[in-house]
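In what follows, a single structure is set out as C-alpha cells and then discussed.
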Amino acid sequence: SPGNAPLLRNWIQDMNLRCVELWQIGLFGSLFFIGHVTGSTLLSEYGDTIGRVPMIRLGQGLSFLSYAVITFITRDIRMVYCTMFIFGMLSCCRGNLSFIYGQEIVANDKQNIGGCIFNLFDATVLIQSSLFMMFISVDWFYLHTIFTLLSGSSFLIFCFLPESPKYLVQAEEFERAFEAYNCIAIFNGTPEKQLSRSANHRFLEERSVDRRMLKSHMRKAKQAMVRKTTPGGLALAASIIDEDERENDNSSYRSESDQ
C-alpha cells in the first residue's frame, strides 16, 4: 500500500535540504546548464584543433573525478555546486564530442545505427534509474556508485582508443591517420593496409592544393562579412565564393582543353 512504500533516500536527507530556500535546490540544475553553455562556448572548438580523443579524455577524466567527489567525498552544498558546474561544463566534451567521434570511426552505412544506439541509451537513463529504485534500492548512493564506475570505465576505454582518422585527414596528419586506420583494422580482425610513401606524398600534395583553395575562399568570405552579419554581407560573401568557384571551373576547363 502507499502507506508502506519505502521513502527515497536522496540529497534531501544527506545534505539536510529540508530547511533551505527553494532557489538553493533549484541552483543544482541551473548550475549544470550554466556550465553546459559555458563549456559549449569556450571548449567545443578545441575538439577541432587539439583533437577529438584528447578533449574526450579530458572531459571523461574530470567528469569522473567530479562524480566521485559528489558520490563519495562531500555533502557540502557549496562543493556540490562547484562540481555540478564543472560536470555541466565538460558535458560538451563528454557527450557531444563523443557522439561526433563515434560517428567518425564507423563506416558510413553504420552511422545511423550507431547514432540510434547512442541516443537510445541516453534516453533510457531515467527508465533504468526508476527500475533500479523500484526493485533494487531506494538509496541514491548505490545507484550513483554504478554511474561513477561507468564513468570511470568510459575514461579507461578512451585511454586506449585511437584518434579519429577523419579528423586526422582533415588536419593533414596523414601518417597518424594511417596508424589509426590500422588500429581499427586490427580491432576488427582485418589485415593492416600499408600505404607506400610515394602514395602518401601524392595524397599530401593533392590535399595541400585543396586546402589552399579552401583557405583562399574562406579568407575572402570573412573579409566580406567583417562589416557585420547582415543580409547584404552574407550575399556579398556568397557571391565571392560563387565567383571564385566559377573561375576555378573555367581554369580547370581551359587546362583540360589545352591538354
Side-chain angles (χ1 to χ4, degrees), residues 36 39-40 43-61 63-64 90-128 147 150-215 217-218 221 238 241-242 245 248-249 252:
H36 181 74
S40 299
L43 300 179
S44 58
E45 64 177 305
Y46 293 110
D48 294 326
T49 55
I50 297 176
R52 308 282 195 252
V53 169
M55 292 304 297
I56 294 173
R57 288 173 183 168
L58 175 68
Q60 294 283 12
S63 295
F64 168 65
L90 297 169
S91 61
C92 65
C93 303
R94 185 182 63 253
N96 302 351
L97 198 56
S98 297
F99 179 81
I100 294 172
Y101 175 82
Q103 293 290 287
E104 289 180 346
I105 63 170
V106 299
N108 291 335
D109 58 344
K110 301 293 190 303
Q111 288 181 352
N112 288 337
I113 297 175
C116 287
I117 294 174
F118 182 95
N119 289 317
L120 178 64
F121 277 98
D122 187 44
T124 56
V125 170
L126 291 178
I127 299 175
Q128 297 167 13
F147 288 157
L150 290 174
S151 177
S153 63
S154 178
F155 170 69
L156 290 177
I157 290 171
F158 269 103
C159 288
F160 298 96
L161 290 178
E163 181 58 271
S164 163
K166 185 174 182 180
Y167 163 76
L168 292 173
V169 169
Q170 291 174 344
E172 298 182 358
E173 298 186 34
F174 302 112
E175 295 289 349
R176 290 182 61 198
F178 298 148
E179 293 174 3
Y181 277 125
N182 284 332
C183 180
I184 296 172
I186 293 171
F187 182 82
N188 291 336
T190 57
E192 294 186 39
K193 300 295 184 183
Q194 299 296 339
L195 298 180
S196 66
R197 186 165 297 277
S198 61
N200 180 20
H201 287 176
R202 187 164 59 251
F203 186 40
L204 177 60
E205 290 173 359
E206 292 173 356
R207 287 290 301 174
S208 297
V209 172
D210 293 342
R211 195 76 175 176
R212 287 196 297 270
M213 291 174 60
L214 178 61
K215 285 182 178 179
H217 290 167
M218 293 305 297
I241 294 176
D242 272 347
E245 288 178 349
N248 290 327
D249 290 342
S252 301

Find the distance between CD (E45) and SG (C92) and round it off to the nearest 0.5 Å. 10.5 Å
Tell me if the centroids of the rings in F99 and F118 come within less than 6.0 Å of each other. yes
Give a yes or no on this: more than 12 heavy atoms of other residues, nucleotides or ligands lie within 6.0 Å of atom CG of L126. no
So which heavy atom on L156 is nearest to which on F160, and how close? O-CD1, 3.1 Å
Test your reading of the model: is there a side-chain donor-acceptor pair from S153 to the backbone of L150, 3.5 Å cut-off? yes
Which pair of non-hydrogen atoms, one from L97 and one from G47, has the smallest distance, and what is that distance? CD2-CA, 4.0 Å
Could you give the distance from CZ (F155) to CG (L58), rounded to the nearest 0.5 Å? 9.0 Å
Nearest-0.5 Å distance that lies between atom CG in L168 and atom CD in E179: 9.0 Å
Taking CZ in F147 as the centre, count heavy atoms belonging to other residues, nucleotides or ligands within less than 6.0 Å. Is the count above 12? yes
Taking the six-membered ring for Trp, are Y101 and Y167 closer than 6.0 Å centroid to centroid? no
Check L43 against L90 and note the closest heavy-atom contact, atom names and distance. CD1-CD2, 4.4 Å
Would you say CG of N112 has more than 12 non-hydrogen atoms from neighbouring residues, nucleotides or ligands within 6.0 angstrom? no
Between M55 and C93, which heavy-atom pair has the shortest distance, and what is it? O-CB, 3.5 Å
Check whether any side-chain heavy atom of P162 lies under 4.5 Å from a side-chain heavy atom of R176, and answer yes or no. no
Interatomic distance, CG@N119 vs OG1@T124, rounded to 0.5 Å, equals 10.5 Å
What's the separation between atom OG in S164 and atom CD1 in I100, rounded to the nearest 0.5 Å? 10.0 Å
Beyond-backbone contact of Q60 with S98, side-chain heavy atoms, under 4.5 angstrom: yes
Which heavy atom of L161 sits nearest to which heavy atom of R57, and what is that distance? O-NH2, 3.3 Å
State plainly whether the residues R52 and E163 are in salt-bridge range, i.e. N to O under 4.0 Å. no
